[in-house]
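These numbers were taken from a predicted model, which means no experiment stands behind them. Letters go in sequence order (proteins before strands), and every chain restarts at 1.
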2 protein chains.
Amino acid sequence: MSRKKVIFSLIENETDRKVSHKKRHIGLLKKAQELMTLCEVEMDVIIYSPYSNEPKVFPNHGVAISTFRKFKEFATSENKKIW
Amino acid sequence: MSRKKVIFSLIENETDRKVSHKKRHIGLLKKAQELMTLCEVEMDVIIYSPYSNEPKVFPNHGVAISTFRKFKEFATSENKKIW
DNA sequence: CTAACTATAATTAGTGT
DNA sequence: CACACTAATTATAGTTA
């Protein structure tokens, strides 16, 4: 995305992939924070990666739980067949 | 972010805010998709906004449920006091 | 391995239709 | 309203230390 266009598939080289992951992980959460702040949005992001033993929960555990519960309630009330 | 630097607070004008939300919502999910594809990452994003009656669940309901369950199991096993 | 730098690609605020 | 355009900002691949 900068010195070269991104090729839209898994980055084969492990070192490159790890570095890219770190940068993009930061970038994604920054974008998420901006969307929440600039517009009136409630959101959460949960990320699992091979580079960390624990999931990254954004913005925090409390919001993630609250948001997921609302999602589950919505899906149930809408009688969606997803459970 | 383009013709003007972004001011990091709620966009007061409702029309501007709605337009910005639409653009940034698309942009965020694109970045999320890229992170998943380029690096080996499992993730989900749930977004609530005043502009839609239903939450946006990315990449889909099944992944969101799976990811959230893993998060809950992790938190429980780690004996975190978050429930 | 990490972190800083920088050239270039990608995103997007403002604008026009 | 939605979409296309584009100037300007922001993100980041590759590089250097």
Side-chain angles (χ1 to χ4, degrees), chain A residues 1-61 63-64 67-68 70-71 74 78 80, chain B residues 1-61 63-64 67-68 70-71 74 78 80:
Chain A
M1 278 188 176
S2 66
R3 302 298 189 80
K4 245 185 191 176
K5 274 191 177 182
V6 88
I7 295 160
F8 197 57
S9 62
L10 181 70
I11 297 166
E12 297 292 345
N13 182 283
E14 190 170 330
T15 306
D16 291 347
R17 191 166 67 243
K18 190 172 183 177
V19 170
S20 187
H21 171 266
K22 188 174 185 178
K23 290 179 179 178
R24 284 173 170 275
H25 183 99
I26 292 167
L28 184 77
L29 296 187
K30 189 175 177 187
K31 289 286 188 190
Q33 183 63 68
E34 287 178 357
L35 184 59
M36 289 180 77
T37 305
L38 298 175
C39 312
E40 334 178 69
V41 165
E42 182 186 16
M43 65 182 291
D44 79 278
V45 184
I46 300 179
I47 306 177
Y48 284 89
S49 80
Y51 316 115
S52 175
N53 290 325
E54 51 184 286
K56 173 64 188 176
V57 183
F58 173 88
N60 57 57
H61 287 183
V63 169
T67 303
F68 190 80
K70 279 174 68 176
F71 159 50
F74 168 77
E78 292 284 314
K80 299 242 192 289
Chain B
M1 277 186 177
S2 65
R3 303 298 187 82
K4 245 185 192 176
K5 274 191 176 180
V6 87
I7 295 160
F8 197 57
S9 62
L10 181 70
I11 297 166
E12 297 293 344
N13 183 283
E14 190 171 328
T15 306
D16 291 348
R17 191 166 68 244
K18 189 171 184 177
V19 170
S20 187
H21 171 266
K22 187 174 184 178
K23 289 178 178 179
R24 283 174 170 275
H25 182 98
I26 292 167
L28 185 77
L29 296 186
K30 188 176 177 187
K31 288 287 184 189
Q33 183 64 67
E34 286 177 358
L35 185 60
M36 289 179 77
T37 304
L38 298 175
C39 311
E40 332 180 70
V41 165
E42 181 186 15
M43 67 182 290
D44 80 277
V45 184
I46 300 179
I47 306 177
Y48 284 90
S49 79
Y51 316 115
S52 175
N53 291 325
E54 51 185 287
K56 174 64 188 180
V57 182
F58 173 89
N60 58 55
H61 288 183
V63 169
T67 304
F68 191 81
K70 279 174 67 176
F71 159 50
F74 168 77
E78 292 284 314
K80 300 240 192 291

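- The shortest distance between side-chain heavy atoms of Lys23(B) and Val19(B) falls below 4.5 Å.
- Of all nucleotides listed (dG14(C), dA9(C), dA13(D)), dA13(D) comes nearest to the side chain of Lys23(A).
- In this entry the distance linking CG of Leu35(B) with P of dA10(C) reads 16 Å, nearest Å.
- To the nearest angstrom, P of dG14(D) lies 8 Å from CD1 of Ile7(A).
- Residue Arg17(B) contributes atom CZ, which lies 17 Å from atom C1' of dG14(C) at whole-angstrom precision.
- Remark: C1' of dA9(C) and CG of Leu38(B) are 14 Å apart, rounded to the nearest angstrom.
- Distances from the side chain of Lys22(B) to the nucleotides dT12(D), dA11(D), dC3(D) place dC3(D) closest.
- Between His21(A) atom NE2 and dT12(D) atom P there is a gap of 12 Å when expressed in whole angstrom units.
- Atom CG of Asn13(A) and atom P of dT15(D) are 13 Å apart (whole Å).
- Nucleotide dC1(C) forms a pair with no other nucleotide shown, judged by Watson-Crick or G-U wobble geometry with both contacts under 3.5 Å.
- Distance from the side chain of Lys5(B) is smallest for dT9(D) among the nucleotides dT9(D), dC1(C), dA13(D).
- Residues Ile26(B) and Lys18(A) each lie close to DNA chain C; by heavy-atom proximity, the contact nearer the 5' end of the strand is made by Lys18(A).
- Taking the six-membered ring for Trp and the full ring otherwise, Phe71(B) and Phe68(B) have centroids separated by under 6.0 Å.
- Summarising the geometry, the separation between CZ on Arg24(B) and P on dA11(D) is reported as 8 Å, rounded to the nearest angstrom.
- Here Lys31(A) does not reach the OP1 or OP2 of dT10(D): none of its side-chain N or O atoms lies under 4.0 Å away.
- For Glu34(A), the side-chain atoms get nearest to dA11(D) when compared with the rest of dT9(D), dA13(D), dA11(D).
- A pairwise comparison of heavy atoms in Leu28(A) and Ala32(B) identifies CD1-N, 3.5 Å as the closest pair.
- For the pair Lys30(A) and dA11(D), the criterion of a side-chain N or O lying under 4.0 Å from OP1 or OP2 is met.
- Going from atom CD of Gln33(A) over to atom P of dA11(D) covers 13 Å, rounded to whole Å.
- Between Leu29(A) and Lys56(A) there is a side-chain heavy-atom pair separated by less than 4.5 Å.
- Only one option out of Arg17(A), Lys22(A), His21(A) pairs with Tyr51(A) in a side-chain hydrogen bond (donor to acceptor under 3.5 Å, both in side chains); it is Arg17(A).
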